[in-house]
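Starting from 1, each residue takes its place in the sequence as its number.
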Amino acid sequence: MFNTLSQIIFGRLTPSDFVHDPIMAGAGYAMIGGLVLVVLALTYFKKWKWLWRTWLTSLDPKKIGVMYLIVSVIMLLRGLADVLLLRTQQATNGSAGILTSDHFQQIFSAHGTIMIFFVAMGVIFGIFNLIIPSQIGARDVAFPLLNSISFWLFAAGMIIINAPLVVGEFSTAGWLAYPPLSELQYSPGVGVDYWIWSLQIAGIGSLLSGINFFVTIIKMRAPGMKLMMMPIFAWSVLCCTSLIMFAFPILTATLGMLSLDRLLGMHFFTSGGGGNPMLYVNLIWAWGHPEVYILVLPAFGIFSEVVATFSGKKLFGYTSMVVALVAITILSFTVWLHHFFTMGAGADVNTFFGIMTMVIAIPTGVKVFNWIFTMYRGRVRFTTPMLWFMGFIVTFTLGGVAGVLMSVPPADFQFHNSLFLVAHFHTMIVGGVLFGAFAGFAYWFPKFTGFTLNERLGRYAFWLWIVGFLLAFVPLYILGFMGATRRLDHYDPSLGWQGLFIVAGVGVLLICAGVAMQVLQVIVSIVKRNQNRVGEDPWNGRTLEWSIASPPQVYNYTVIPTVTYRDEFWEMKRRHHTIKPEYTDIWLPKNSATGIIVGLFALIFGVAVVWHVVWLVIVGVIGVIVTLIIRLTSDETEEKLTAAEVAKRELKRQTV
């Protein structure tokens, strides 16, 4: 009777699920301790009301963008801590005894998942929120409430993926959880369920956000801004969100089927029950390869803005850049099978996907040459954003050449399950996505703060990153050539590989030093902000976001601009044209707690499904539905900022 009651209330949760090894326990205690310190600080300084009104319930995309970036930075630090453990284990060849094989696989699975879903995805959505509305001449996104809900679903997924540090364990099935290893027979614990529901909830948030920004770009561009007059960054986001809308439903369906296999004994992917594990592999990569371009395309857009601005020239080959973006968007759905050439699809199928993999490298090459030609005979300023671009060219070219090599099926048979693939993937994602994010952060930072980042510390961070990155991953290319299999926590000492693993470990330490330097850069820049104050256009920018206040007002524009040129702001400056302010009433969305409440109930639902707490699952579902009904039946969703208030704000800004 007691056991039955306990199962009804707690599901499969038991006291033993809170027992962890010292490393996981320490991480869990640190996470809880950090939260307690934040709560105490907010209470001591009486900032709860400020936090609630200014940030947590805000529908201002700029504030939502900042919250995305804060979550992503926290998860980046978690991901770096994970990789330190992984590389220490390999550099010492397990002799240090810090990780068991099971714990190594948990960290390996968590690291990949966190860096893709909760660092890279969070960064790109943060930048979308900060830049897109002002760059296309809009005051807001198309669906402000949906934007808030998207973020809080993302935050809920982040909490779920960190929960195993406190209770339960994480998946050991890898960051893409292939069956049959992820099926109930081989992973009976809660680890795979944590993986499924953190991704499912965050993935739904990503899908909703993708729809939101697609509609924003299509419907809310400033008057006169035709598609072929948009900045390249806006084009990259349009292509990225198109991929999100087509790819993420595949992920949602795939995770749903895997969850049904585990929860209800279905057999979509269990070969013993009539299912097919290869169906899962096809579906997960039908989402997974477009996901690579979902992450990389916005970075391409950022680099296009940075190169044009710091070369003092318009972007070379605008039309070809747009065509290249669209070509990559379409072709990204024709290459997924190169992720499993080794699984016996047949010579004809492998040949087709090998050729398409080579073809998709062509539009990427077009973009690289266009960037170089933009710099040619320009007045290039090697600021920190441009340094990140140059680092990207080096690392991305290295990774791209390795990718073309792996597009040849016979070569892929040798390299696929080796550390060569690990090096290739990291070279593309870190060298592309993260370096692009760092360039964009340094480039747009003064727009949203009113002061620049410390340039000297930024350069130190860059060189630590680039040297550390090459030291961390070039040895892995070499080890892959030598036959080192990936996903292992130690290797036979007689093979003579240990020196390369030690070099790779040193590289990771340098990367961590680079991250520390970036944190120091932000702190020093804030402390010395009064010495680094700048105007609205510190870089002599070309696009509309540089025409508004720094930091921007909540409404972005007092007067929506009319666009007649591709680089409208550049042309305005060249023609000495100014927009006469006309103060009118502006309608803005009211703050709403709907997003955070939906995120809370989604979190409750996800945790309840993981632990099979049926009554809590029902609470989560009903909570989401009721919250949305209450909000959607309300008519009081906007508030008016009168012309007099707008004028007062503008006068105050101009006199500061």
Side-chain angles (χ1 to χ4, degrees), residues 31 34-35 37-39 41-42 45 47-79 114-115 117-134 139-162 198 201-210 212-213 216 237 244 298 434 437-438 440-441 444-445 447-449 518-519 522 526 551-554 556 588-603 627 631:
M31 183 173 69
L35 288 173
L37 287 175
V38 170
V39 170
L42 289 169
F45 292 106
K47 290 292 185 179
W48 281 107
K49 186 179 292 186
W50 166 83
L51 180 66
W52 180 259
R53 290 181 176 178
T54 307
W55 292 96
L56 302 185
T57 61
S58 176
L59 300 190
D60 181 359
K62 294 179 285 297
K63 287 188 167 63
I64 291 173
V66 170
M67 290 192 290
Y68 266 114
L69 293 181
I70 290 171
V71 171
S72 298
V73 168
I74 292 171
M75 296 306 286
L76 174 63
L77 297 176
R78 159 79 198 272
I114 285 169
M115 296 302 284
F117 284 92
F118 298 101
V119 176
M121 289 297 289
V123 164
I124 69 167
F125 282 127
I127 294 175
F128 291 0
N129 274 280
L130 287 167
I131 303 304
I132 284 299
S134 59
R139 289 196 173 110
D140 207 338
V141 295
F143 308 114
L145 177 65
L146 194 64
N147 201 23
S148 174
I149 292 172
S150 300
F151 168 73
W152 287 109
L153 290 176
F154 171 80
M158 180 273 291
I159 294 171
I160 291 173
I161 204 169
N162 283 292
S198 64
I201 292 171
I204 292 172
S206 298
L207 176 59
L208 296 177
S209 193
N212 196 358
F213 280 97
T216 298
V237 175
I244 289 172
L434 270 187
F438 296 155
F441 181 73
W444 280 304
F445 185 85
K447 170 51 57 181
F448 294 95
T449 62
Q518 287 173 298
V519 173
V522 173
I526 293 173
Q553 298 284 0
V554 64
N556 287 344
L588 298 171
K590 282 185 176 180
N591 281 16
S592 173
T594 302
I596 191 170
I597 295 172
V598 167
L600 177 62
F601 279 118
L603 173 63
T627 303
R631 167 65 186 195

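Under the 4.5 Å side-chain criterion, counting only non-hydrogen atoms from C-beta, Lys63 is not in contact with Asn129. Looking only at side-chain heavy atoms (C-beta outward), Pro298 and Ile127 stay at 4.5 Å or farther from each other. Within the 4.5 Å cutoff, the side chain of Phe118 has no heavy atoms near those of the Val71 side chain. The closest side-chain heavy-atom distance from Arg139 to Pro133 is not below 4.5 Å. Looking at Trp50 and Trp55, their side chains come closer than 4.5 Å, going by heavy atoms from C-beta outward. For the pair Leu600 and Thr627, the minimum side-chain heavy-atom distance is 4.5 Å or more. Taking 4.5 Å as the limit, some side-chain heavy atom of Pro61 sits within range of a side-chain heavy atom of Asn147.
The closest donor-acceptor contact from the side chain of Ser206 to the backbone of Ala202 lies under 3.5 Å. No donor-acceptor pair closer than 3.5 Å links the side chain of Ser134 to the backbone N or O of Asn556. Looking at Asn212, its side chain does come within 3.5 Å of a backbone N or O of Phe143 through a donor-acceptor pair. The main-chain N or O of Met158 is found under 3.5 Å from a side-chain atom of Asn162 such that the two form a donor-acceptor pair. Within the 3.5 Å criterion, the main-chain N or O of Val123 finds a donor-acceptor partner in the side chain of Ser72. In this structure a side-chain-to-backbone donor-acceptor pair under 3.5 Å is missing from Thr54 to Leu51. Although no hydrogens or angles enter the test, the distance criterion places no donor-acceptor pair under 3.5 Å between the side chain of Ser209 and the main chain of Gly205. Panel note: side chain Asn591, backbone Arg53; a donor-acceptor pair is recorded below 3.5 Å.
Considering all non-hydrogen atoms of both residues, Ala156 and Leu603 come closest at O-CD1, 3.9 Å. The heavy-atom pair separating Met115 from Gly79 by the smallest distance is SD-CA, 3.9 Å. Of all heavy-atom pairs between Asp140 and Leu59, the closest is OD1-O, 4.2 Å. Closest non-hydrogen pair, Ile161 versus Met75, comes out as CG2-CE, 3.9 Å. Minimum heavy-atom separation, Ser148 to Gly595: OG-CA, 3.6 Å.
A centroid separation of less than 6.0 Å is found between the aromatic rings of Tyr68 and Phe151. Proximity of the aromatic rings of Phe128 and Phe125 is defined here by a centroid distance below 6.0 angstrom, and this criterion is met.
A cation-pi geometry, defined here as NZ or CZ lying under 6.0 Å from the six-membered ring centre and within 45° of its normal, does not hold between Lys49 and Trp52.
For the atom pair Leu69 CG and Phe448 CZ, the distance stands at 10.0 Å (nearest 0.5 Å). Separation of atoms CG (Leu76) and CG (Leu434) is listed at 6.5 Å; rounding is to 0.5 Å. A distance of 6.5 Å separates CG of Leu56 from CE of Met67, quoted to the nearest 0.5 Å. We find the CD1-OG1 distance between Ile149 and Thr594 to be 6.5 Å, quoted to the nearest 0.5 Å. Separation of atoms CD1 (Ile64) and CG (Leu130) is listed at 10.5 Å; rounding is to 0.5 Å. Atom CH2 of residue Trp152 and atom CD1 of residue Ile201 lie 14.5 Å apart, to the nearest 0.5 angstrom.
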